[in-house]
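Data first, discussion second: the structure below is written as structure tokens.
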Amino acid sequence: MATSVSRRDVVFGKYWLYALTVWRQNPEEFLCNLNIKADTFHLDILRDLCDDEVDDSCKTFLLTFLQENVTLLFTDEDRLEQTVGSLHSVFHQLVGTEKVRLKCQFLITVTTILLGGEFDLSSSTIKGQLTAFVDLLLEIVCNTKKETPLLRGTACKCLQEIEISYPGIIEPHAEAVWNAFQQDTSPAFQSCASLISVILTHLVQEKNHSSTNTIETKKTGSSKQILVPSPILSSEIEVFPVVMNLLDQLKWMSSASVYCVLNNLVEVVKCTSDLLPTIFKTWLPKLTWTSYVPLFHLAFILQQEFGSDLFTSREEQMLMEQLISCANHPLLTVAHRLLFLDWVHVFVENRGQFSPWKNISPGLIDVFFPSPFDGPDVQGKKLWILASSEEYRTDGQFQLLVAHLEGIKKLVLSGDGYRPVNSFFRTLFFFYSKHGSPFLEIEIQKLLLTVMFAVPELSFRVVDFIECLQEQIPHSSLPETLVSAIVHFVYDLPVSSVLLHLHCYLELLRKASTLPAIFCFPKRILKFLMEVIKTLSSEDKMNWLLGNRLLDVCQSIIQHHNLSLLYKEIGELLYLIMMTFNEVDIKNRTKMYYAAVTSLASTKVKQIFQNSSHSQVVTQALSSIVDEGPVFARVMTIQYLDVPVLQLKRISTLETQVQDYKNSFFPKLDSGNLIEDYQSFLRSETFTSQVQVSFQVCLCEDAPFDKICGVILQVNTSHKCKNIPNAEFSILEKPGIKDVEPENFTITIAPELSTALTLYFRSEFTTEEGRTYISSPLPHVISFEDLFLPLLVNDCAGKIKVFDSLWKSIVYRAKQGLKESSCQESLCHMQLSKSALKDLVTKRWHQFWVQANQVKDVEKTVTSYDVGVFLPSHEHILMKLSYQNEGTLVYIVTDNWKIFPWLNEVLKSLEMK
């Protein structure tokens, strides 16, 4: 965040550069946060602009505030007059100083305010401000000896913008501008030349139309309001010498200025009978062979406007050959090549209307075959050009183009971003729109099935492709044949492959089910989905997105097919979804669908689903029309409660044994490969490492229920862990009622990373009235210390042997310094007294103390403590703690250095205690 560069804070605080960023994102919110109104904010900015203590760079940013939101800050003429007058005053104070860039910003700001506001131009106030500002700008432009080139160039640009917005306003001063242009020998003459070309364009246009002596509104090419006096310049300035003089000066100008002047002179020549297009003849080679894209484009403008009056057949052919060369030039940027290829594509598609392309030989089109150096976008554009040409119309010729799609397809299969995918599908669609033959339909089908088999995620793009065909080419049979092939493709896949990308294939089936049954086979889809649901994992059964995608397929089938033929299958599928998924939203939506299918007439159900394709709207529509009665009982929806209903209390496990010794390691003390045997034991499939956390659960004292039944408590974690089974309770009541005791339960956590994590709970239960509710108890944090487990050895002698061997092995690997090794050692000093150290090891960390079962008198025999900790992610923390120099010295080694920040927090907490 930038700090203020001024000697005092400006209106929006110390961090003015940060304030500018916030302003650009949302000006209204910015003003609201500062408690400033828009009609007074500009006064605060003007105050700081007039203050000499504010630095110039900060003033520049203040001026951008005024430039970027003119319509917000200046809503009436008084405010505009006040602001422009103040800016004029500050600008005049800068006269004679060397603050040229700041003065330029003032001119740009005033121009932006006058041109950007929505004001009535017939107002004397606005007209007066505009006239006064034009006089100021003209004074700067004509003062070629005193004013710097940068300031004069900026003034010319401002006058040019004013002339473009209000054609004719600078015409009375055209002679003064022309004299300044002839006298100026600085780079500013380029801006002056651009201004003269704009004035000249409006002048010759005005000579071809009627004019009045008053302010009037007149339609021109720019459809702007025109502020013009009567034209009196026809005798003062002759067009021909001015045009020729400008053309003579072009050789000294930059490419951007040349483009601006020439582009305006094209319009002048069109409107002036005395000027012939041949005056541009000397510039044709330069425009044809230039590397500046706007000038190259200007050559095509000249050809379009003047045609054979300016270009010979050979020159037109050279222009086209240069365009083809640029489109295929490997050293040009991709953006430039795509632009040139777009021009070529326009010419090829309009070959009969565009004369220059007629001079190109038919064989030259073959240069647009993709090359290995072309990216996916360029390859796609080239294939578009070939498909649009007359030389590629038959199936055999199009087969060659389809074969050249192989390059883009390889990029798609390699997963090289979204650009190859976009190019691939766009090119396929363009091919089909140009040549919709049965041969091409078969080729497109093969290509799409190939990419879907390799990259299932492209299924969503295939659905978009089918929808685009249906919308743009409604009479095409390709969508039906493609859907039929896709359905058979999905059915033939093994279930294990389908489960890996189930959401992709469900999207395909959803789209397929919108077509007639002869193409999508809805009964087969329903049976296939039932087979898939039966193989879902417990994690998938909690997947909200997956459940909704399944229901989207069901909704599509209900909406587009005859339910009387699918009644049994659709009912069984909905019931299976209802019983399988634990997600509440899925259960709720499935119940509504099941109730509608089993209890309403099929015509009524279709009408409901036809009204909206959005699941939430459909559910609301079902709820609104289904009334409870003797035939149909209302399905009770699940309600969410914002307040916790269950209270969970952690049961301390600091003095209990948390390690399951059925998984313990029994070392051979005389073995020479103790570490290798130990590591093999950790990698074995029979070994599992997990932490058990116990809780007490009961109803909160302020819960709205005294008794709940059928409680299902789901547990999720902030970090990835193995699936935690749900906890279930038949009945829970408030404490103190009938001597009810809280229920105890234990959850088993097997985290993949050794870091602190958070447990998130969600409970689903039923009240005595039969209503089902959802509530979320408060989360609980499992600290890093809670993940500590003792070494996996039950025997004390074996534990000491494993500790010593691990210590030597980790220290050795740490000193090797290999990049792939995570072993590290560390030393720290703790403010822990001798008695506190003894209590820590013998009580709090007793199960981690390696010599715990061998030492009888701690006070007399123990000088240091060996502590071994095993983490669930199969990592170790080994510590040697000893009391020295009125504190505790801790020597630590570990086989994962990433746990040091977490261990440091634990050691700090011990010091505070």
Side-chain angles (χ1 to χ4, degrees), residues 160 174 178 181-182 187 189-205 207-208 221 234 237-327 329 332 336 339-340 343-344 346-347 350-361 364:
Q160 183 176 334
W178 176 250
F181 167 71
Q182 291 181 313
F189 89 97
Q190 301 177 88
S191 301
C192 198
S194 300
L195 172 60
I196 291 173
S197 67
V198 173
I199 296 174
L200 199 60
T201 302
H202 293 161
L203 176 63
V204 297
Q205 289 175 345
K207 290 173 67 175
N208 295 333
S234 57
I237 295 181
E238 295 183 8
V239 175
F240 183 80
V242 173
V243 171
M244 299 309 297
N245 197 324
L246 288 175
L247 288 174
D248 289 340
Q249 298 297 324
L250 287 179
K251 57 180 175 291
W252 309 111
M253 298 184 191
S254 64
S255 297
S257 297
V258 170
Y259 174 79
C260 180
V261 173
L262 281 179
N263 195 30
N264 289 321
L265 291 184
V266 170
E267 186 66 24
V268 173
V269 173
K270 284 173 54 182
C271 299
T272 306
S273 58
D274 297 339
L275 294 174
L276 298 177
T278 52
I279 64 173
F280 300 112
K281 196 71 173 181
T282 57
W283 273 91
L284 287 185
K286 299 177 183 178
L287 298 179
T288 302
W289 304 107
T290 182
S291 59
Y292 188 59
V293 177
L295 288 180
F296 189 41
H297 182 252
L298 189 60
F300 292 96
I301 295 177
L302 290 171
Q303 199 286 328
Q304 183 180 6
E305 295 293 343
F306 305 118
S308 59
D309 293 339
L310 177 61
F311 284 79
T312 64
S313 298
R314 177 55 184 161
E315 288 171 338
E316 289 181 341
Q317 183 179 353
M318 290 174 57
L319 182 60
M320 291 297 100
E321 289 176 351
Q322 177 64 10
L323 176 59
I324 294 173
S325 175
C326 291
H329 202 299
L332 290 178
H336 283 88
L339 177 62
F340 294 139
W343 294 357
V344 173
V346 172
F347 296 151
N350 301 276
R351 187 169 188 167
Q353 305 173 11
F354 190 71
S355 60
W357 194 259
K358 297 178 182 179
N359 300 319
I360 299 300
S361 60
L364 195 58

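Remember, predicted model here, so these are calculated numbers, not experimental data.
- Listed here is the closest heavy atom pair of Gln160 and Cys260: NE2-SG, 3.7 Å.
- Residues Phe306 and Lys270 meet the side-chain proximity criterion, which asks for heavy atoms closer than 4.5 Å.
- Side chains of Leu262 and Val266 form no contact here, defined as non-hydrogen atoms less than 4.5 Å apart.
- Using a 4.5 Å heavy-atom cutoff, the side chains of Thr201 and Val198 are not in contact.
- Between Lys281 and Leu310 the shortest side-chain heavy-atom distance falls below 4.5 Å.
- Listed here is the closest heavy atom pair of Ala174 and Ile199: CB-CG2, 4.0 Å.
- Looking at heavy atoms from C-beta onward, Leu323 lies in side-chain contact with Val344 at the 4.5 angstrom threshold.
- Here the CG-SG distance, from Leu339 to Cys326, works out to 10.0 Å after rounding to the nearest 0.5 Å.
- Separation of atoms CE (Met320) and OG (Ser325) is listed at 12.5 Å; rounding is to 0.5 Å.
- Enclosure of atom CH2 in Trp252 is not indicated, since only 12 or fewer non-hydrogen atoms of other residues, nucleotides or ligands lie within 6.0 angstrom.
- Remark: Gln190 CD to Leu195 CG distance equals 14.0 Å, nearest 0.5 Å.
- Taking OH of Tyr259 as the start and CG of Asn264 as the end, the distance is 9.5 Å to the nearest 0.5 Å.
- Residues Leu319 and Phe296 are in side-chain contact: their nearest non-hydrogen atoms beyond the backbone lie under 4.5 Å apart.
- Ring planes of His336 and Phe340: tilted class, angle from 30 to 60°.
- Taking 4.5 Å as the limit, every side-chain heavy atom of Leu295 sits out of range of all side-chain heavy atoms of Trp283.
- Atom CZ of Phe347 sits about 10.5 Å away from atom CD1 of Ile324, to the nearest 0.5 Å.
- Here the side chain of Ser197 pairs a donor or acceptor atom with the backbone of Ser194 at under 3.5 angstrom.
- Residues Phe280 and Val269 form a side-chain contact, since some pair of their non-hydrogen atoms from C-beta on lies under 4.5 Å apart.
- Across all their heavy atoms, Ala299 and Phe311 have their closest contact at O-CZ, 3.6 Å.
- Atom CG of residue Leu302 and atom CG of residue Asp309 lie 12.0 Å apart, to the nearest 0.5 angstrom.
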